[in-house]
Protein chains: 2
Amino acid sequence: MNKKADKINHNPEIVKEMEIFNEFLKKKDLKITSQRMLVAETIFSIHQHFTADSLLELLKDHRDEISKATIYRILSIMVEAKLLAEHDFGKDFKYYEHIIGHEHHDHIICTDCGRIVEFVVPEIEEMQQRVAQEKGFSIQGHRLNIYGSCQKKPGCEFWTKKS
Amino acid sequence: MNKKADKINHNPEIVKEMEIFNEFLKKKDLKITSQRMLVAETIFSIHQHFTADSLLELLKDHRDEISKATIYRILSIMVEAKLLAEHDFGKDFKYYEHIIGHEHHDHIICTDCGRIVEFVVPEIEEMQQRVAQEKGFSIQGHRLNIYGSCQKKPGCEFWTKKS
DNA sequence: GTTTATGCAAACAATTTGCAGAAGA
DNA sequence: TCTTCTGCAAATTGTTTGCATAAAC
């Protein structure tokens, strides 16, 4: 592990999330590397949806410490560890968000500016059960995306790629 | 238009859908070509979800009359014409289904075999309105996908690509 | 030491596109 | 004719992978 990595984060929430990640790595006989720590810390400090590319951008000062391939590899580990959820919002790249400490929610997406807003509708869980039962499925989960326009709220710009 | 194209379909539903498509083409100053007619007829006779590749497979006897590039181009016209809906079911290719005469519905997808089952839950529309209002969005629509397992119903096989 | 990770560049796969010749209006 | 289409092959784009080297344990 190189020296940059000991810039450890003292935010208690992030510390806790890092511990969970480390547990997972150990359990799976995966190694605790400086890249994994750096990416995980960065991700845990983001409180919005992000993409592989926007993560890369956040890490641009560490360009010499981590490659794009490694970022993709770490993202897939974190999804497997259920620390991250992967989303498709109708673009041709994936969005991620970290899960821990976030109540289950769905998303409403502005097709003008790409803004993503979370919402919680408790009755969806019950509806999901009902549909699954009726169709004879066991349930893993659901994704509900509502598409619309946020109507030029401040910050609403044309939806650029990989934002 | 080559001679193969005058193998016209007499199913009244398909005839009606073809007319709508032709209207759209005229309105947009697009030409009525044998490829467009062939693809549209084929699509209108499918009553399941399909992909660009499965469509190509259905058209394999016409391989010399139509290319993959043209199929993609026609799919995008038909989506624009709102004759087709495009879906993302968590794979890295798109699914399509034809819309006309199909009540609005959502999907439950088997993550073991890829089976896609439609369901209708009227209260979603109302919930959608409520969320949009609360968040200050105008609505275009929604996509609700439930993921689970159909529990080895007859025909449930491992989910192959592009099925 | 042995195993697992990383970086790089090449590979992938679905989809898109430029272009020259073909077909529709 | 004049315009739009098509087929082809090449380009694109997000993501994945093989492999030699490097780091973790």
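Just so it is clear: chains get the letters A, B, ... in the order the sequence lines come, proteins before strands, and each one is counted from 1.
- Spacing between atom CG of A:L75 and atom P of D:dG14 amounts to 15 Å, rounded to whole angstrom units.
- Within 6.0 Å of CD on B:Q133 lie no more than 12 heavy atoms contributed by other residues, nucleotides or ligands.
- Comparing A:A52 and B:S67 by the nucleotide of DNA chain D whose heavy atom lies nearest to each, the residue mapping closer to the 5' end is B:S67.
- When each of A:T70 and B:S76 is assigned the nucleotide of DNA chain C with its nearest heavy atom, A:T70 is the one assigned upstream, toward the 5' end.
- Within the 4.5 Å cutoff, no side-chain heavy atoms of A:Y72 are placed close to those of A:L56.
- The side chain of A:Y72 contributes no N or O atom lying less than 4.0 Å from OP1 or OP2 of D:dT16.
- Put simply, CZ on B:R63 is 12 Å from P on D:dC8, counting in whole angstrom units.
- Residues B:H98 and B:I46 share a closest heavy-atom pair of CE1-O, 3.0 Å.
- We find that CD1 of B:I32 is positioned 17 Å from C1' of D:dT6, with the value rounded to whole Å.
- Comparing D:dT16, D:dC8, D:dC5 by their nearest atom to the side chain of A:K94 picks out D:dT16.
- Distance, A:D92 CG to C:dC12 C1': 15 Å, rounded to whole Å.
- The separation between A:K68 atom NZ and C:dT6 atom C1' is 16 Å, rounded to whole Å.
- Of the listed nucleotides (C:dT4, C:dA25, C:dT17), C:dA25 has the atom at the smallest distance from the side chain of B:K31.
- Residue A:R73 has its side chain nearest to C:dC8 when only D:dT6, C:dA25, C:dC8 are considered.
- Between the CG atom of B:L25 and the C1' atom of D:dT4 there is a distance of 12 Å, rounded to whole Å.
- For D:dA23, neither phosphate oxygen OP1 nor OP2 lies less than 4.0 angstrom from any side-chain nitrogen or oxygen of A:Q35.
- Remark: B:T33 is in phosphate contact with D:dT6, judged by side-chain N or O atoms under 4.0 Å from OP1 or OP2.
- The residues A:K68 and A:D53 are annotated as salt-bridged, a charged nitrogen and a carboxylate oxygen being separated by less than 4.0 angstrom.
- With a 6.0 Å radius and a threshold of 12 heavy atoms from other residues, nucleotides or ligands, B:E123 has its CD atom above the threshold.
- Rounded to whole Å, atom C1' of C:dA14 lies 14 Å from atom CG of A:D88.
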